[in-house]
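Because the structure is predicted, anything quoted here is derived from the model rather than measured.
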Amino acid sequence: MKAFAKINLALYLIDRLPSGYHLLETIFAPIDWYDELFFEPSDMLELTCDDPEIPTDETNLCLKAAKLLQDYTGIKDGVKIHLEKRVPVGAGLGGGSSDAALTLKALNEFWQLDIPTEKLQDLAVSLGADVPYFLAQSALTYATGIGEKLTHLGTTFPAALVVAYPHVPISTAWAYKNLKLNFPRSAPDLKTLTLKLCDSGDLEILRYFANDFEPTVFAAYPAVKELKNIFYLDFRADFALMSGSGSAVFGVFEHVSRAEDAMRQLSLRYAVSLTPPNFSPQAAQNKAD
């Protein structure tokens, strides 16, 4: 099964809670960059991965998800999970969260647990703020709260997306710790703007979109800022922005041919993916099946 990554088309941090968590407003968009997970019976919980840099002990979110289901249901069954890692780590693309969400969904079927979707969503929050999004990954989703309050917009993004990773892993915890923002803050009406963009195809609307992590990340990691400039200066992207807490940067292209050219040239230096217009993870998964 494929665990698709995401980008944040916009990301605004609104307030900081006493718990240390931040309230945010964002638009999640799925991209055609994914890890693959394989599940087979076992007497225990075990995880293997083709990437030796990925931990396969209990700190891995896939095993945390499996253990969470065991603890919640009391089931004693095991499973062997194999992870083919393709989405870069520390890129702001949610690869680990997507893997965890897919593990919850897959094992709910694999172990025949019949846990309702609403309860799976509750369990997902304990694994990470954006795991609930991946659990019910929709084409475009407006998220608030700490990222767990979701409104599926019922539409797809009308332009091509090229996502590039500059081989600079960035810790989300570091990014939040080093923020220099005064709270509370406001954000534009992302939900309305996104629906208007998708309905009209007017990419000029993206000028209202921003990522509040960019100043912090660009100051410490100039390679990320350089990548954003490359999208604009070398490839004339209609829009470019860092995703999440970094370090991946995406470019928006009205013309697919320009997106394909950007991907070809960027792939000489970066890890890159191309997502076609109107991409849907459900359709891509069904086509693979």
Criterion side chain to side chain donor-acceptor pair (under 3.5 Å) on T26 and N8, from CA distance to verdict: CA-CA 6 Å; T26 189; N8 301 80; 2.8 Å; yes

Side chain to side chain donor-acceptor pair (under 3.5 Å) assessment of E25 paired with Y142: CA-CA 7 Å; E25 292 189 34; Y142 170 64; 3.0 Å; yes

Side chain to side chain contact (heavy atoms under 4.5 Å, CB included) evaluation trace for L17 with H22: CA-CA 6 Å; L17 300 174; H22 288 75; over 6 Å; no

Side chain to side chain donor-acceptor pair (under 3.5 Å) between S280 and T156, worked out: CA-CA 7 Å; S280 162; T156 53; over 6 Å; no

I230 and R269: CA distance, side-chain angles, deciding distance, side chain to side chain contact (heavy atoms under 4.5 Å, CB included) verdict: CA-CA 12 Å; I230 286 172; R269 183 175 173 187; 3.7 Å; yes

Worked check of side chain to side chain donor-acceptor pair (under 3.5 Å) between T275 and D32: CA-CA 5 Å; T275 300; D32 195 9; 5.9 Å; no

Residues W33, F250; criterion ring-ring contact (aromatic ring centres under 6.0 Å, His included); working and verdict: CA-CA 12 Å; W33 205 345; F250 65 89; over 10 Å; no

Audit row: Y165, Y270, ring-ring contact (aromatic ring centres under 6.0 Å, His included) steps and yes/no: CA-CA 6 Å; Y165 172 65; Y270 303 102; 9.0 Å; no

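For the pair A66 and L45, the tightest heavy-atom approach, listed with the atom from each and the gap, is CB-CD2, 3.9 Å. Across all non-hydrogen atoms, the minimal contact from L102 to F39 is O-CZ, 4.4 Å. For the residue pair H152 and A136, the shortest heavy atom distance occurs at CE1-O, 3.3 Å.
The aromatic rings of F213 and Y176 lie perpendicular to each other, with more than 60° between the two planes, well past the 30° mark. Between F239 and F209, the ring-plane angle classifies as perpendicular under the 30° and 60° cut-offs. Using bins of under 30°, 30° to 60° and over 60° for the plane-to-plane angle, the ring pair H82/F38 lands in the tilted bin.
Between the CZ atom of R207 and the CG atom of L203 there is a distance of 11.5 Å, given to the nearest 0.5 Å.
Here K196 does not pair with E204 in a salt bridge; the nearest charged N to carboxylate O distance is not below 4.0 Å. Taking a cutoff of 4.0 Å between a charged side-chain nitrogen and a carboxylate oxygen, E214 and K225 do not qualify as a salt bridge. Ionic pairing of D35 and R86 is not present here: no N-O contact between side-chain nitrogen and carboxylate oxygen is shorter than 4.0 angstrom.
Around the OH atom of Y21, the shell of radius 6.0 Å holds no more than 12 heavy atoms that belong to other residues, nucleotides or ligands. Applying the 6.0 Å contact sphere to CG of D43 captures no more than 12 heavy atoms from other residues, nucleotides or ligands. Annotation for Y208: atom OH does not count as buried by contact number, only 12 or fewer foreign heavy atoms lying within 6.0 Å. Shown here is R236, whose CZ atom has no more than 12 heavy atoms of other residues, nucleotides or ligands within 6.0 Å.
The hydrophobic cluster containing F28 does not contain L13, counting ILVMFWY residues as joined when their side-chain heavy atoms lie under 4.5 angstrom apart, directly or transitively.
You'll find the side chain of D130 reaches within 4.5 Å of the side chain of S97, heavy atoms only.
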